*Asks:* 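To start, I am sharing the structure in question, which I have written as structure tokens.
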Amino acid sequence: MATIKPSLAKGTRDFSPAEMEKRNYIFDTIKQVFAKYGYQEIQTPAFENLQTLTGKYGDEGDKLIFKILNSGEYLAKVPGNMLEERASVQLIPHISEKALRYDLTVPFARYVVMRQHEITLPFKRFQIQPVWRADRPQRGRYREFYQCDVDVVGSDSLLHEAEFILIYHEALTNLGLTDFTIKLNNRKILTGIAEVLGKPELIVAMTVAIDKLDKIGLDGVITELLDRGFSVDDLKKLQPIIQLQGDNIDKIRQLKRVLEPSATGLLGIEELETVMGYVERLTGDVALLNRFVDVDITLARGLNYYTGCIFEVKTNEVTMGSIGGGGRYDDLTGMFGLKGLTGVGVSFGADRIYDVLEELSLFPAGTRQSTQVLISNFDKLAELYALPLLYKLRNAGVAAELYPTAAKLKKQLSYADAKRIPYVLLIGEDEIQSGLLSLKDMRSGEQRRLTEANLIAHLTES
RNA sequence: GUGGGUAUAGCUCAGUUGGUUAGAGCACCAGAUUGUGGUUCUGGGGGUCGUCGGUUCGAGCCCGAUUAUCCACCCCA
């Protein structure tokens with residue numbers, strides 16, 4: 001076989017031992033918080049039936065799903081002249097029946113429907129697995145990345161929304177982040193605004209436009225809204241809402257006034273108040289809400305499916321897209337035929353959080369070394385002497401390894417140094433004869449001679 | 001899908017208006033030290049200058065194409 005230059009597929013990464021340690025630190029920290037709030041872990045397959053995934057993420061989303069080519073003579077089944085016409089999109093279902101999962105929420109919905117008779121509602125689950133998107137990679141955007149999802153299905157209590165705020169706050173704080181914003185909105189408020197303007201059918205156009213406020217500015221938003229069918233009169237009403245000022249209480253007060261004519265809009269407001277009331281009651285801390293939570297009606301993410309509260313988390317310490325997001329779906333499982341089951345959940349973007357922690361140097365230093373003691377290898381005799389000791393050390397719970405060949409001592413010590421092994425045990429002729437083994441502390445450089453029993457005792461307590 | 005930047009050693013990069021043998025730091029290997037790493041000193045290996053074509057007496061440098069990669073937009077974690 002011809003050799004080829006080794007390279008990674010676009011948007012993917014290898015993880016070295018050092019990187020895995022940091023990644024696991026993130027996963028462990030997040031997991032611990034999830035578990036504390038009563039969520040249980042599940043996993044689902046890396047790929048699903050294509051049908052399970054298509055049509056769930058909008059037209060744009062469908063394009064970004066990695067499809068898996070059928071096996072065998074996959075072109076044989078393609079009907080008629082589809083091949084000559086080169087109609088790619090129409091061709092896809094004929095040549096692909098499987099695809100890599102695009103997120104964790106849709107597979108979870110499928111899981112819930114398939115297991116509806118065995119799960120107890122409300123069902124609280126978390127899931128930490130990679131997802132794949134055929135997006136163009138750039139800063140903070142990968143084609144393979146991990147999501148850490150936490151969802152509850154079958155409960156309409158807004159307590160969950162409140163707890164998600166606390167989960168975000170606790171997990172991110174535990175990771176060392178100090179300045180981040182949990183943006184909060186509610187789909188019903190957006191619906192209400194469109195109703196008040198008398199143009200409920202334009203809600204999507206409206207939210208897409210005002211979502212861009214911080215990117216294209218007020219003038220840009222106004223231009224876009226006029227293009228999309230809003231009148232100058234509408235804009236007069238809209239403008240004060242888009243540019244809401246003040247703290248959360250002030251914003252809600254202003255919104256209430258504007259949304260007076262819309263029952264749906266007022267319900268959205270009430271939901272936000274309930275959520276924030278829960279957070280306040282749980283923590284007894286109003287400052288937490290003021291510091292980390294920001295009611296932001298320009299937040300419109302995932303509008304296609306969210307029906308209640310919408311979340312998005314951004315760090316203010318570095319420039320990075322959102323590091324988390326989520327919301328409530330009133331009909332999470334409806335697309336799989338199970339009606340009337342509500343779901344709410346949020347997600348952490350572990351890979352982006354990694355980049356943020358790296359940039360801020362927030363990873364704890366040298367969290368854990370793999371091997372505690374390296375036994376040197378002088379010659380065959382020393383090796384034979386060392387083998388039973390190696391076994392004893394491991395049985396005593398000491399992570400130990402024997403250098404596999406009788407290389408120069410310099411090389412063996414360099415190996416220990418590169419691997420940050422704190423102790424090296426030197427066993428040569430003297431040591432074998434006296435039974436006193438030389439233990440070198442690699443950090444201080446000090447060396448002491450110990451009996452086997454003392455050595456094991458020393459290493460197990462340190 | 002749209003727009004821009006970059007491509008030179010394993011890594012990060014320098015390389016003058018186009019001119020002899022393409023450099024540095026780090027990393028790696030060896031020696032100084034035959035049983036002592038990390039520090040120091042000395043030496044060494046390693047390059048189709050992304051690829052293909054063009055201009056020129058002469059191209060790492062200029063031009064074109066192509067590929068890869070990064071950044072921004074759309075969208076998203």
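Quantities reported herein were computed from a predicted structural model and do not represent experimental measurements. Lettering of chains follows the sequences in order, A, B, ..., and the numbering in each one begins at 1.
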*Asks:* Partner lookup for B:rU17, please. Criteria are Watson-Crick or G-U wobble with both distances under 3.5 angstrom; report none if nothing qualifies.
*Replies:* none

*Asks:* Using the side-chain heavy atoms of A:Arg141, tell me which of these nucleotides is nearest: B:rA72, B:rG35, B:rA77.
*Replies:* B:rA77

*Asks:* Could you check whether A:Arg352 gets within reach of a base, just the sugar-phosphate, or nothing at all, counting any heavy atom under 4.0 Å?
*Replies:* base

*Asks:* Between B:rG5 and B:rA30, how far apart are the C1' atoms? Round to whole Å, please.
*Replies:* 42 Å

*Asks:* Return the orientation label for the A:Phe164 and A:Phe311 ring planes: parallel under 30°, perpendicular over 60°, tilted otherwise.
*Replies:* perpendicular

*Asks:* Using atom C1' of each nucleotide, how far apart are B:rC76 and B:rA7 to the nearest Å?
*Replies:* 29 Å

*Asks:* Measuring to OP1 and OP2 of B:rA72, would you say a side-chain N or O of A:Gln138 lies under 4.0 angstrom away?
*Replies:* yes

*Asks:* Of the candidate nucleotides B:rA77, B:rU36, B:rG37, which contains the atom at the shortest distance from the side chain of A:Gln147?
*Replies:* B:rA77

*Asks:* Any idea which of B:rA77, B:rG35, B:rG37 is nearest the A:Asp417 side chain?
*Replies:* B:rG37

*Asks:* Reckon A:Gly445 touches a base, only the sugar-phosphate, or nothing at all at heavy-atom distances under 4.0 Å?
*Replies:* base

*Asks:* Can you confirm if the NZ or CZ of A:Arg23 lies within 45° of the ring axis of A:Phe15 and under 6.0 Å from the centre of its six-membered ring?
*Replies:* yes

*Asks:* For A:Asp103, which contact category applies under a 4.0 Å heavy-atom criterion: base, sugar-phosphate, or nothing?
*Replies:* nothing

*Asks:* Can you tell me the base-pairing partner of B:rU55? Count Watson-Crick or G-U wobble geometry only, both distances below 3.5 Å, and say none if there is no partner.
*Replies:* none

*Asks:* For the residue pair A:Tyr39 and A:Phe126, is the inter-centroid distance of their aromatic rings smaller than 6.0 Å?
*Replies:* no

*Asks:* Round to the nearest Å and state the distance from A:Asp351 atom CG to B:rC76 atom C1'.
*Replies:* 13 Å

*Asks:* Take atom P in B:rG50 and the same atom in B:rA68, then report the distance between them in whole Å.
*Replies:* 16 Å

*Asks:* How far, in whole Å, is B:rU8 from B:rA24 if one measures between their C1' atoms?
*Replies:* 13 Å

*Asks:* Distance check needed: B:rA77 P versus A:Leu172 CG, whole Å only.
*Replies:* 15 Å

*Asks:* If I take atom CD1 in residue A:Ile353 and atom P in nucleotide B:rA77, what distance separates them, rounded to the nearest angstrom?
*Replies:* 13 Å

*Asks:* Side chain of A:Lys410 only, please: which of B:rG37, B:rC29, B:rA77 is the nearest?
*Replies:* B:rG37

*Asks:* Looking at B:rC73, which nucleotide sits across from it as a Watson-Crick or G-U wobble partner, both distances under 3.5 angstrom, or is there none?
*Replies:* B:rG1

*Asks:* Quick check: A:Phe27 with A:Tyr354 (ring centres under 6.0 Å apart)?
*Replies:* no

*Asks:* Counting side-chain heavy atoms from C-beta on, which of B:rU36, B:rG38, B:rA77 comes nearest to A:Leu413?
*Replies:* B:rU36

*Asks:* Could you check whether A:Arg125 makes a cation-pi contact with A:Phe108, meaning its NZ or CZ is under 6.0 Å from the centre of the six-membered ring and within 45° of the ring axis?
*Replies:* yes

*Asks:* By the definition side-chain hydrogen bond (donor to acceptor under 3.5 Å, both in side chains), identify the one residue from A:Arg328, A:Arg187, A:Lys188 that meets it with A:Glu271.
*Replies:* A:Lys188

*Asks:* Counting only Watson-Crick pairs (N1-N3 plus N6-O4 or O6-N4) and G-U wobbles (N1-O2, O6-N3), all under 3.5 Å, who is the partner of B:rU6?
*Replies:* B:rA68

*Asks:* Checking contacts here: which listed nucleotide (B:rU69, B:rG35, B:rC71) is nearest the side-chain heavy atoms of A:Lys10?
*Replies:* B:rU69

*Asks:* Has the side chain of A:Gln412 got a donor or acceptor atom sitting under 3.5 Å from an opposite partner on the base of B:rU36?
*Replies:* no

*Asks:* Both distances below 3.5 Å, Watson-Crick or wobble geometry, any strand: find the nucleotide opposite B:rU39.
*Replies:* none

*Asks:* With P as the reference atom in both, quote the distance from B:rC57 to B:rC13 in angstrom, rounded to an integer.
*Replies:* 37 Å

*Asks:* For the side chain of A:Ser438, starting at C-beta, report the closest nucleotide among B:rG37, B:rC74, B:rG35.
*Replies:* B:rG35

*Asks:* In whole Å, what separates the C1' atom of B:rG18 from that of B:rC63?
*Replies:* 13 Å

*Asks:* Ring centroid separation for A:Phe348 and A:Tyr146, is it under 6.0 angstrom?
*Replies:* no

*Asks:* Mind calculating the distance between CD (A:Gln447) and C1' (B:rG37) to the nearest angstrom?
*Replies:* 11 Å

*Asks:* Please state how far atom CG in A:Leu409 lies from atom P in B:rG38, giving the value in whole angstrom units.
*Replies:* 11 Å

*Asks:* Considering only B:rA77, B:rC75, B:rG35, which nucleotide approaches the side chain of A:Val208 most closely?
*Replies:* B:rC75

*Asks:* Could you check whether A:Tyr306 and A:Asn186, counting side-chain N and O atoms only, form a donor-acceptor pair closer than 3.5 Å?
*Replies:* no

*Asks:* Between A:Glu431 and A:Arg136, who's closer to the 5' end of RNA chain B by nearest nucleotide?
*Replies:* A:Arg136

*Asks:* Check the distance between B:rC76's C1' and A:Leu64's CG and give it to me in whole angstrom.
*Replies:* 9 Å

*Asks:* Return whichever of A:Phe145 or A:Glu429 has its heavy-atom-nearest nucleotide of RNA chain B closer to the 5' end.
*Replies:* A:Glu429

*Asks:* Roughly how far apart, to the nearest Å, are B:rA72 and B:rG64 at atom C1'?
*Replies:* 26 Å

*Asks:* Select one nucleotide: of B:rG35, B:rU36, B:rA72, the one nearest the side-chain heavy atoms of A:Lys440.
*Replies:* B:rU36

*Asks:* Output the rounded distance in Å from CZ (A:Phe378) to C1' (B:rG35).
*Replies:* 5 Å

*Asks:* Scan A:Tyr146 against the nucleic acid and name what it touches under 4.0 Å (heavy atoms): base, sugar-phosphate only, or nothing.
*Replies:* nothing

*Asks:* C1' atom, B:rA9 versus B:rG25: distance in rounded Å?
*Replies:* 12 Å

*Asks:* Let me know the distance between CZ of A:Phe348 and P of B:rA77, rounded to the nearest Å.
*Replies:* 14 Å

*Asks:* For a quick check of understanding: with a heavy-atom distance under 4.0 Å over all strands, which category does A:Ser347 fall into, base, sugar-phosphate or nothing?
*Replies:* nothing

*Asks:* Would you check if the side chain of A:Lys392 reaches a backbone N or O of A:Leu390 as a donor-acceptor pair within less than 3.5 Å?
*Replies:* no

*Asks:* Among the nucleotides B:rA30, B:rG38, B:rC75, which one has an atom lying closest to any side-chain atom of A:Lys408?
*Replies:* B:rA30

*Asks:* Using a cut-off of 4.0 Å on non-hydrogen atoms, how would the nucleic acid contact of A:Gly324 be classed: base, sugar-phosphate, or nothing?
*Replies:* sugar-phosphate

